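Structure first, then comments.
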There are 2 protein chains.
Amino acid sequence: MQSDITLAYYAAGAGIIALLFAFATLASILKESMGTPKMKEISEAVQEGAMAYLNRQYKTLIPFTIIVAVLLVVVLPMISPEVEGVPLCVSFLVGAVCSAIAGYIGMNSTTKSNARTAEAARSSGLGKALNVSFRAGAVMGLSVAGLGLLGVSALFIIFKDPVVINSFAFGASAIAFFARVGGGIYTKAADVGADLVGKVEAGIPEDDPRNPATIADNVGDNVGDTAGMGADLFESYAATTIAASIIGNSLYGMKGALFPMVVGAIGIIASIIGTFFVRTGEGGNPQAALNVGLWATNIMTAVGVYFLSVQTFGSTEGFGIFLAVAAGLIVNVAIGALTEYYTANNKPPCRRIAEASKTGPATNVIHGLAVGMESVFLPMLFFACAIYFAFWAVGHIASQHAIFGIAMAAMGMLSTAGIVVAMDSFGPVADNAGGIAEMAELPPEVRQKTDKLDAVGNTTAAIAKGFAIGSAALTALALFQAFADEVAKNATLMSKMGMQGGHFVINLMNPQVLIGLLIGASIPFVVGSSTMRAVGDAAFGMVNEVRRQFREIPGIMEGTGKPDYARCVSIATGAAISKMIFPGLVAVIMPIIVGFGLGALSLAGYLTGLTATGVLMALFLANAGGAWDNAKKWIEEGNLGGKKIDGQPNPVHQAAVIGDTVGDPCKDTSGPAMNPLIKVAGTVSLIIGSVLFH
Amino acid sequence: MQSDITLAYYAAGAGIIALLFAFATLASILKESMGTPKMKEISEAVQEGAMAYLNRQYKTLIPFTIIVAVLLVVVLPMISPEVEGVPLCVSFLVGAVCSAIAGYIGMNSTTKSNARTAEAARSSGLGKALNVSFRAGAVMGLSVAGLGLLGVSALFIIFKDPVVINSFAFGASAIAFFARVGGGIYTKAADVGADLVGKVEAGIPEDDPRNPATIADNVGDNVGDTAGMGADLFESYAATTIAASIIGNSLYGMKGALFPMVVGAIGIIASIIGTFFVRTGEGGNPQAALNVGLWATNIMTAVGVYFLSVQTFGSTEGFGIFLAVAAGLIVNVAIGALTEYYTANNKPPCRRIAEASKTGPATNVIHGLAVGMESVFLPMLFFACAIYFAFWAVGHIASQHAIFGIAMAAMGMLSTAGIVVAMDSFGPVADNAGGIAEMAELPPEVRQKTDKLDAVGNTTAAIAKGFAIGSAALTALALFQAFADEVAKNATLMSKMGMQGGHFVINLMNPQVLIGLLIGASIPFVVGSSTMRAVGDAAFGMVNEVRRQFREIPGIMEGTGKPDYARCVSIATGAAISKMIFPGLVAVIMPIIVGFGLGALSLAGYLTGLTATGVLMALFLANAGGAWDNAKKWIEEGNLGGKKIDGQPNPVHQAAVIGDTVGDPCKDTSGPAMNPLIKVAGTVSLIIGSVLFH
């Protein structure tokens, strides 16, 4: 097995192949018909709104990016002359730009595929509609993984030091946090605005063209679920690869630094092949088709990694490392299954919430909170087992290499990001296609087909959410280990702390560690609170605008007056951009304050506390929100009286709608914000780890 | 300064004085008139229900207590022959019994004072009513502190080893957990049942004698707020004194072991004197009177502790220890002020929730969750500062003694428990007095006076809640340090873990620590979920029973048929008892599983994770619940349209009622359950710490 830099070229090559495949897929999608002129018009309005949002989001982030770049190239070397500012700054900028590019490619692909999916459902049927929408998702998934791997390996080829290129992950994570939070606020503000006034007050169906917020709502599906999730997983991918590479480098030298990248390459190639397994006929089950693709990818990755590990590290230690990677793949599947259990509407937790709606909205909300809290235990137990197993798998062979096991479990989980993101991104496309079918007044059977895809999309979205949380947790852990590794190399700091033998001891008996942990543990609550309130405030503005249009635009309800869609899009955009600033700054600045103000030990405590409660809150909020949503849907399917009883609104359904609205910001804004929050803390810490001096 | 065992007799003496004072106060209360026969009848019904509940609760706990006692006296010595089972078992039983006695005394005092307070308001006025109700609270407060101090010091005189008598704290904490959870479920089940059917469906006012759940509701105020809170603080008191004593013993020998007890004695005497400062005239402000009492106690305690520390530890180190105790007293005040800020209805957080009710229940709930999450940050920052300061205050003089600073900060906070519990317990008495005034159809001006007291009671209850959380956090920390101290003495274990020099190093880089931390961090969510759901289920049973009585008992609404109060009391009791078992077992058994299954390092991680998220969840749930409650009350005062607009229910108020109902189990069941949860883990760990062998 070669262990020289050539392997980095292989990894970069795999990244390029993924990008080429993504472009070819996009080109093939663009050849499909967009359907009627009306469909084209709506699709273009959604695309325009989404692009306008992305443009404004990234434009707002330019000053932030410049400030950070200057800090990296000017201030950091002033603090510690050993730091080379230019590579850090270049890596940071490349990371930030790659994150933005991934967002643009994905958004372009999904917004261009929505009308085409609707048209495929209309002219050809379910199989073709799945094909178009899944290919659109695959463009996103393979761009994310491809750009991540290409970026990491190319920078490694240039700078030869995984610690320096961690700045790439920092760039990606800073942008991801803003994209996640901004997208999350946008999507829920538009959704709540459209639902509260349109569906509830005006009594018109979802996606009705008379609703002024309907375009904003469809834009929201893209900026929240596609761009936000894509940025989130791009970040996990980059950060995990780099953290594993740093640890590998410390323990095994060059071959250890390159191994995680090659695992990434195997996962990408397996993901590309896996996409070809996703096929279904007219009466087929799209979920089953997607599962076949996922399992095929997992198995191919596992087999590939087995041979790679054994060749690189020998049959004993290599097998241990393979087991660690396999643990990551298994956690991936387990977390997905648990997420589905707690949120699916044919399972007890969701049913309990629906039943509790019989005594009104308060008991619905109480039971929803209870389900969310309950849902954290088993996933946490799984993480604990995986961490322990991965540590043991490598450590019982070579105890000093044990932490590489944890990093490789994370890498195992992330290696299949290509297909997981593809499965997640297909959901919003199907959802949008349904919206277009409704707005363009296509025959109801078209909507039925897209609804079938959309339902599957909800399940895959739940699985992807579990994946995003799980990968964030393991990424944070890998970053934490890399941070400790970096501090241990800082000789001045280590001797000041009185630690010998190159071991950074983060002793919980030390109050420095403890206070860092307590402060860190409270930060997810602060970010949760500010994002939750942001949605409330933004939705309030939206509600008022929609009400104003219904009141002031003549003939709007009769369909003769045209609603001002653009104004709603603009309001959602403005609110999302302005409200993402505060939590974003908390995420980036807090680790800097703790690190420089209280020192390396407190920062280590901060990372631990932040990760633990961040993951808990992510699971709690995502699962409570998902369960509320599906409890409402289950009632809408006609259970417990359905939507209406004797033509009157069913109070059980009304109670469930309130729970669902409470759950919206939980599952789509505050919950998802936790993932980049814990990762950004890790990447920032890793950068400042080498320059801390107390 | 004497540093021999004589000091323990002084502490025991102070405990006895407190108990004598409590009995004398109770005797003087019993001399007051109970008013009309109707008032007497109602008061006796409440008392009977409360006693029936307590009897059944403690009877249910007898098998549990016996099993644990047997484990302590038989199994523990089998695991490690060095352990003396009998002292452990005796201490445990004394702790459990003392906790029960404190509950009985307090409950007896508050339930016997409710009618007397109403009568005082009727015949004499506000000043006298405050006097009666506050004296009732003082009986509870001084019994809690007196029994705690007497128990600890008497057992110390007998066994001379603070580690052994930790079992006293374990007994107290196990019972406290059940009392808190059971009481919390009871009070909310009865409350929701009474409100949902009585107020909302039947449209009769609160505390109306036609409501079958009204007696149960009044019983609930006592078993939840008085007995539960009393058991909680009894536990904090005992556990903190013992933990500080263990640490003091390790560092300074006998004088260190006794010092915390003498600090407790000073606090108790100061509390007794402080009660005399609580006086107000007819037009006076009861809140101001209570504040005078609290501040007088704090200042007297600080002065007394200053002289004691300097005499015991010399002017340099003694001053440092005094500063640590003072930090505890200050955190006490700060947490109370922050709790009030986040929940008071004249402050922005609560107003925001009220404003959000304008767009319906969903936005009300979203903003309430946001306020709860936001409210955790500053208290956590305060804890962090206090820990750091206390550690520094002692550590900069003698670095190896630094952890004694943290233990003494906790002791400082707890030393004034006597008056804090008195202030808290007076609230339910005033609340009950108002209920009796309503049910006995006293003139409205009586109700106005008791309402004025009740409003003050709500503020003091909020402050006491902050106190309970803060003291639980510091107690857990002190227990954690004592646990580490104990493990460090376990030579076999330490050499197995490869730790030298008697220092137990809990390194976060060790996956054993990390997985314990992750598991521990998820437990508060599990307990939160199960208690939340318990309230939902119990309330459901209550609602059905009240509906049944309204339907089946002829003339109930006209006041000619008598409701079956006893049946409602019995249903609430049964539900509370049966639902407290699961969370109670989780609290007690999980640390045992983690300790024996995964070892001392994982158990240390478990304690840390559990404490961090436990405190966060306690603050989140308590403050969200309090803010929802007061937002509703603010609207009921006539703001944003008040209760009704043009005779129609105001939808803004209806939305706020839903938020308040969601908040009920948060603030009165799940939130308060967190305190004993983290303490019971600490006391259990401390007991098994010496017998762990990996």
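In the text below, chain A, chain B and the rest are named by the order of the sequence lines, each starting its count at 1. Because the structure is predicted, anything quoted here is derived from the model rather than measured.
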- Can you name the salt bridge (Lys or Arg N to Asp or Glu O under 4.0 Å) partners of A:Asp191, sequence neighbours left out? A:Lys188

- Item | Contacting moiety of B:Leu621, where chain A heavy atoms sit under 4.5 Å | side chain

- Item | Winner by heavy-atom pair count (cut-off under 4.5 Å) against chain B, out of A:Met617, A:Met380, A:Met509, A:Met373 | A:Met373

- Message: Which atoms of A:Leu378 are under 4.5 Å from chain B, going by heavy atoms: the side chain, the backbone, both sets, or neither?
- Response: neither

- Query: Relative to chain B, which of A:Ile403, A:Thr608, A:Ile366 shows the most heavy atom pairs under 4.5 Å?
  - Reply: A:Ile366

- Item | Contact origin within A:Ala521 toward chain B - heavy atom pairs under 4.5 Å | both

- Message: Given heavy-atom pairs under 4.5 angstrom as the criterion, report whether the side chain, backbone, both or neither of A:Val513 touches chain B.
- Response: side chain

- Query: Is it the backbone or the side chain of A:Leu514 that comes under 4.5 Å from a heavy atom of chain B, or both, or neither?
  - Reply: side chain

- Query: Are B:Asn507 and A:Phe504 close enough, and set up right, to give a side chain to side chain contact (heavy atoms under 4.5 Å, CB included), and what steps lead you there?
  - Reply: CA-CA 9 Å; B:Asn507 190 354; A:Phe504 182 35; over 6 Å; no

- Contact winner vs chain A - B:Leu616, B:Val365, B:Val376, heavy-atom pairs under 4.5 Å: B:Leu616

- Message: Using a 3.5 Å distance criterion without hydrogens, assess whether the side chain of B:Thr669 forms a donor-acceptor pair with backbone atoms of B:Met532.
- Response: no

- NE2/B:His396: more than 12 non-hydrogen atoms of other groups inside 6.0 Å: yes

- Message: If we define contacts as heavy-atom pairs under 4.5 Å, which of A:Gly536, A:Ala356, A:Pro361 has the most with chain B?
- Response: A:Pro361

- Greatest number of heavy atom pairs closer than 4.5 Å to chain A - which of B:Ile506, B:Ile515, B:Val371: B:Ile506

- Report the option among B:Lys358, B:Glu374, B:Gln481 that has the most heavy-atom pairs separated by less than 4.5 Å from atoms of chain A. B:Glu374

- A:Lys579: what forms a salt bridge (Lys or Arg N to Asp or Glu O under 4.0 Å) with it, not counting sequence neighbours? A:Asp537

- Pick one of side chain, backbone, both or neither for A:Leu517, based on which atoms fall under 4.5 Å of a heavy atom in chain B. side chain

- Message: Quick check: closest heavy atoms across A:Ala324 and A:Val394, and the distance to 0.1 Å?
- Response: CB-CG2, 4.4 Å

- Task: Look at A:Val505, A:Val615, A:Thr661 and state which one has the largest set of heavy-atom pairs under 4.5 Å with chain B.
- Result: A:Val505

- Could you tell me which portion of A:Phe620 (side chain, backbone, both or neither) has an atom closer than 4.5 angstrom to a non-hydrogen atom of chain B? side chain

- Within a radius of less than 6.0 Å around OH of A:Tyr388, do more than 12 heavy atoms belonging to other residues, nucleotides or ligands occur? no

- Verify side chain to side chain donor-acceptor pair (under 3.5 Å) between A:Trp628 and A:Asp664, making sure each step is shown before the conclusion. CA-CA 9 Å; A:Trp628 269 315; A:Asp664 271 343; over 6 Å; no

- Message: Atom CZ of residue position B:Phe540 - does it have more than 12 heavy atoms of other residues, nucleotides or ligands inside 6.0 Å?
- Response: no

